Asks: 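I'd like to ask some things about the structure below.
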Amino acid sequence: MSYLLNKEPTDDFTRTLDGLVNTIKSNKQFRKGYDSMGAVWYMDAKREGKLEGISIGKQQGISIGAFQKAMEDAKNFLSMGLSIEQIAKGTGLSITEVQKLAGK
């Protein structure tokens, strides 16, 4: 663990490991492959982030739409003379939200 944190070999194992890492780093063929893997990783991460953002946006849109529909229904129920408690129960809105719509 010390080798990973300090980048300094402290025993035979980490000296061997350090030598292998330096050999691989200086290998142009490996370096080219490694660099292209980084570009692929970046593109994959970007695509995954975009898909996650779309998914979150859809979920938020559905939630907002459901809330707006409940508010419209509550307004209609108020005009029909239903009680605030009945409207809250029927729409899933809180009593406070229905009271605000009713101007109370």
Side-chain angles (χ1 to χ4, degrees):
M1 188 58 117
S2 175
Y3 173 69
L4 293 175
L5 295 173
N6 301 320
K7 305 290 188 220
E8 293 293 327
T10 56
D11 58 27
D12 288 341
F13 175 75
T14 54
R15 278 189 278 283
T16 301
L17 186 60
D18 189 60
L20 290 170
V21 168
N22 287 325
T23 300
I24 290 172
K25 278 183 177 180
S26 63
N27 182 310
K28 289 181 184 180
Q29 185 69 20
F30 173 81
R31 196 78 189 160
K32 184 178 178 182
Y34 178 78
D35 288 345
S36 68
M37 283 175 27
V40 170
W41 176 87
Y42 174 77
M43 289 173 16
D44 285 347
K46 187 175 176 183
R47 182 177 39 82
E48 286 179 31
K50 188 182 290 186
L51 292 174
E52 184 178 347
I54 290 168
S55 177
I56 290 169
K58 284 180 182 178
Q59 290 170 357
Q60 288 176 343
I62 290 168
S63 294
I64 291 168
F67 180 75
Q68 289 174 340
K69 174 68 172 133
M71 295 292 274
E72 289 173 20
D73 290 345
K75 288 177 187 176
N76 290 333
F77 293 150
L78 282 168
S79 70
M80 294 168 58
L82 283 137
S83 74
I84 289 175
E85 290 79 15
Q86 289 173 320
I87 296 169
K89 186 174 181 180
T91 61
L93 295 172
S94 71
I95 289 176
T96 304
E97 289 168 325
V98 179
Q99 287 173 334
K100 285 180 186 175
L101 279 176
K104 295 183 178 183

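All values reported here derive from a predicted model rather than from experimental measurement. Positions are given from 1 along the sequence.
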Asks: Do D11 and T14 meet the criterion of a side-chain donor-acceptor pair at a distance under 3.5 Å?
Replies: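 A pair is found: one side chain offers a donor N or O, the other an acceptor, under 3.5 Å apart.
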
Asks: In residues 83-92, what donor-acceptor pairs under 3.5 Å come from side-chain atoms, sequence neighbours left out?
Replies:
{"residue": "S83", "atom": "OG", "partner": "Q86", "partner atom": "N", "Å": "3.0"}
{"residue": "S83", "atom": "OG", "partner": "Q86", "partner atom": "OE1", "Å": "3.3"}
{"residue": "Q86", "atom": "OE1", "partner": "S83", "partner atom": "N", "Å": "3.0"}
{"residue": "T91", "atom": "OG1", "partner": "I87", "partner atom": "O", "Å": "2.7"}
{"residue": "T91", "atom": "OG1", "partner": "L93", "partner atom": "N", "Å": "3.2"}

Asks: Under the 4.5 Å side-chain heavy-atom rule for ILVMFWY, direct or indirect, which residues accompany I56?
Replies: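 Joined to I56, directly or through intermediates: none.
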
Asks: With the 4.5 Å side-chain cut-off for hydrophobic clustering, are M43 and I54 part of the same group?
Replies: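 No.
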
Asks: Can I get a per-line list of side-chain donor-acceptor pairs under 3.5 Å for residues 97-104, giving both atom names and the distance, sequence neighbours left out?
Replies:
{"residue": "E97", "atom": "OE1", "partner": "S94", "partner atom": "N", "Å": "2.8"}
{"residue": "E97", "atom": "OE1", "partner": "S94", "partner atom": "OG", "Å": "3.3"}

Asks: Who are the salt bridge (charged side-chain N to carboxylate O under 4.0 Å, His left out) partners of D73, not counting sequence neighbours?
Replies: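 Residues passing salt bridge (charged side-chain N to carboxylate O under 4.0 Å, His left out) with D73: K69.
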
Asks: Any chance you could measure S55, atom OG, to Q60, atom CD, to the nearest 0.5 Å?
Replies: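 Output value for this atom pair is 10.0 Å.
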
Asks: Hey, can you pull the donor-acceptor pairs under 3.5 Å for the side chains in residues 46-53, sequence neighbours left out?
Replies:
{"residue": "R47", "atom": "NH2", "partner": "D44", "partner atom": "OD1", "Å": "3.3"}

Asks: Could you list the residues that satisfy salt bridge (charged side-chain N to carboxylate O under 4.0 Å, His left out) with D12, not counting sequence neighbours?
Replies: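 Applying salt bridge (charged side-chain N to carboxylate O under 4.0 Å, His left out) to D12 gives R15.
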
